[in-house]
Amino acid sequence: MHAGPNDFNKMAAVLHNRYKNENHIVFQSKNNKSGQTHVGIEQLGIWFAEEVVACLRQHDMQLRGIKSGKKHLFSFLGHSLGGLIVRHSLALLYGEDLPIDYPFRTIFDQRYRDILEPTSFFTLSCPHLGCRRNNGGIKRSAWRASIHAFLKFFGKTGTQMRLADHLKNRSVKIEDTCILQRMAEPDSPFMHALCKFKFRTVLATTHHDVSVPFCSGSIRTVNPYPEASRGKPDFRIVGYSNFDRDYERVFERHLQFEAHSDVVIGPPIGEQSIRVHEGDVLKNDSAVYRYVSEEGIVSYGSDLKGTEFDETAGEQLEHYMHDEKRQMTFLTDMVSNLHKLSWRRIDVEFRFRDHLEQLFVHILPIGSTKNLTHTKVLRELSMAGARCVDAGVSMLELDHKKMLQSMIQEETQL
């Protein structure tokens with residue numbers, strides 16, 4: 001909500017470098033300037049859909065300069081609020097139950113749908129479940145009051161993040177549910193649009209993200225991970241799930257902190273890994289386990305409980321429930337509805353020396369270190385962020401390779 005067009009610069013640079021020998025377009029939204037993101041997800045989604053269509057028109061000759069019958073891969077990355085903006089805009093671009101004369105759908109359908117293949121939808125630290133804090137106890141209530149007061153500065157968008165926008169217009173039927181709840185309804189154009197993407201991935205940080213708690217970013221009801229010890233700023237992947245075995249090579253180099261650490265998370269994945277069938281769990285003294293299903297789907301982490309919706313994880317009150325650490329409150333049906341889609345998850349952890357360094361945890365997944373001038377700290381945080389960017393871009397690169405392979409196989413079968 002206080003982002004800028006340049007926040008994705010480092011990730012965009014890495015993407016350009018990875019695809020420098022291929023025909024590609026990397027587009028960064030310009031409408032997400034600080035001060036313009038307070039108008040609500042609906043308007044932000046419209047603006048982004050307009051930007052996407054404008055970008056496609058600008059590159060129309062490049063897009064159409066391919067052999068007949070071939071397609072371009074079409075992927076979206078969204079950080080923080082950007083992930084929700086993308087989700088809303090996809091309904092405008094792909095919504096099949098929108099009016100036939102709806103401007104975005106008409107333009108997108110007629111000109112580009114036949115040559116663009118929905119490939120990967122990837123969010124980083126995105127508040128899929130909102131940012132509503134839990135109540136109870138003096139400290140928790142004070143924290144809730146301060147966070148919610150801060151969100152009020154962000155206008156309609158802040159109200160939506162508190163899941164309070166349904167209280168504004170009780171007389172209007174469509175406003176009886178908040179926007180995030182409507183975006184998660186199974187038969188909504190938002191969910192139908194997400195279903196078109198072959199890969200759907202959420203990356204979330206396990207601790208210290210005040211803006212987007214882990215459960216909201218990973219669409220879970222449980223955070224199973226212990227907090228890392230203090231130390232030199234660093235990054236590691238502590239868990240991932242629902243990836244096939246080809247992705248092990250992408251993630252295995254990021255399973256340990258690069259710098260010395262007294263935290264042990266178990267053996268890295270490699271040739272010596274023990275493989276077990278789905279349903280069996282391998283545990284060791286550090287409570288790390290890994291399993292591979294017969295279909296080759298890999299899960300790895302300290303405890304992947306909470307990957308699926310678990311009503312016992314939080315105390316349910318009417319339509320709301322909280323996570324097991326009582327960090328936030330969310331709508332029960334919103335979680336269960338989102339879990340009707342298959343999601344791949346990457347759980348990441350950043351280590352810091354102190355609370356000041358922790359303030360950057362929300363923007364490090366995209367390699368940003370806004371307004372930081374301390375040279376040594378900047379270098380260390382930048383290196384940690386760069387490793388996270390490398391993991392995310394490497395995953396996206398493999399997504400594209402696998403999609404191309406799938407498209408080639410389909411062509412040979414015709």
Side-chain angles (χ1 to χ4, degrees), residues 1-5 7-8 28-53 76 78-93 95 98 102-104 123-135 143-185 188-191 193-194 209-213 215-217 219 319-320 328-335 337-338 362-363:
M1 288 183 287
H2 42 81
D7 288 354
F8 258 101
Q28 295 173 256
S29 174
K30 302 296 189 296
N31 276 326
N32 61 338
K33 297 177 182 177
S34 182
Q36 294 185 6
T37 56
H38 304 174
V39 294
I41 294 172
E42 302 94 330
Q43 183 61 54
L44 293 168
I46 292 173
W47 287 346
F48 183 65
E50 290 175 337
E51 284 189 294
V52 170
V53 171
F76 288 86
H79 172 250
S80 192
L81 177 64
L84 298 177
I85 295 172
V86 171
R87 279 178 56 192
H88 195 280
S89 69
L90 290 179
L92 303 179
L93 296 172
L98 293 173
Y102 199 80
F104 306 109
T123 65
L124 306 93
S125 301
C126 172
H128 290 285
L129 305 182
C131 300
R132 185 185 181 96
R133 293 309 196 266
N134 190 51
N135 213 346
W143 178 243
R144 169 191 166 102
S146 61
I147 292 294
H148 287 193
F150 177 71
L151 287 172
K152 288 181 180 179
F153 285 103
F154 296 98
K156 184 177 180 180
T157 306
T159 302
Q160 293 172 338
M161 292 299 97
R162 291 187 289 114
L163 308 181
D165 47 310
H166 65 297
L167 302 176
K168 296 298 181 181
N169 296 297
R170 282 286 188 182
S171 60
V172 183
K173 185 176 181 180
I174 195 171
E175 294 295 338
D176 282 349
T177 55
C178 64
I179 181 63
L180 294 188
Q181 193 174 12
R182 298 197 299 275
M183 286 171 61
E185 291 174 355
S188 68
F190 310 102
M191 295 288 272
L194 281 177
D209 192 338
V210 175
S211 299
V212 180
C215 288
S216 187
I219 319 179
H319 301 298
Y320 291 91
M328 60 176 298
T329 300
F330 36 80
L331 289 156
T332 306
D333 62 346
M334 187 164 63
V335 186
N337 286 338
L338 284 171
H362 183 62
I363 56 177

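Treat the numbers as computed from the prediction; the structure is a model and nothing was measured. Computed over heavy atoms, backbone and side chain alike; hydrogens, waters and symmetry mates excluded.
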Leu81 and Pro127: which non-hydrogen atoms are nearest, and at how many Å? N-CD, 4.0 Å
Within the structure provided, determine whether Leu84 and His128 are in side-chain contact (heavy-atom separation under 4.5 Å). yes
Going through the distances and angles, do Thr123 and Arg87 end up as a side-chain contact (heavy atoms from CB on, under 4.5 Å)? CA-CA 10 Å; Thr123 65; Arg87 279 178 56 192; 5.8 Å; no
Check: His79 and Ser125 side chains under 4.5 Å, non-hydrogen atoms: yes
Taking C-beta and beyond as the side chain, do Lys156 and Asp165 meet within less than 4.5 Å on heavy atoms? no
Verify the distance criterion only: is there a donor paired with an acceptor across the side chains of Asp333 and Gln181 at less than 3.5 Å? yes
Where is the tightest heavy-atom contact between Leu180 and Met161, given as atom of each residue plus distance? CD1-CE, 4.1 Å
Closest contact, heavy atoms only, Ser216 versus Gly130: OG-O, 2.8 Å
Between Val335 and Leu129, is the side-chain contact (heavy atoms from CB on, under 4.5 Å) condition met? List the steps. CA-CA 7 Å; Val335 186; Leu129 305 182; 3.9 Å; yes
Is there a side-chain contact between Thr329 and Leu163 (heavy atoms, below 4.5 Å)? no
Atom CE of Met183 and atom SG of Cys178: how far apart are they, to the nearest 0.5 Å? 10.0 Å
Heavy-atom side-chain contact between Val52 and Ser89 under 4.5 Å: no
Measuring from atom CD1 of Ile46 to atom NE2 of His88, what distance do you get when rounded to the nearest 0.5 angstrom? 7.0 Å
Mind checking the OG1-CD1 spacing from Thr157 to Ile179? Nearest 0.5 Å is all I need. 11.0 Å
Of the non-hydrogen atoms in Arg162 and Arg132, which two are nearest, and what is the gap between them? O-NH1, 3.0 Å
Does any N or O in the side chain of Glu51 come within less than 3.5 Å of the main-chain N or O of Lys30, such that one atom is a donor and the other an acceptor? yes
Test item: Ser188 and Arg182 side chains (from C-beta on) under 4.5 Å apart, heavy atoms: no
What is the distance from atom CG of Asp209 to atom SG of Cys131, rounded to the nearest 0.5 Å? 8.5 Å
Heavy atoms, side chains only, cut-off 4.5 Å: are Val212 and His362 in contact? yes
Mind telling me whether Phe48 and Phe76 have parallel, tilted or perpendicular rings, with 30° and 60° as the class edges? perpendicular
Could you tell me if the side chain of Ser29 sits less than 4.5 Å from the side chain of Ile85, heavy atoms only? no
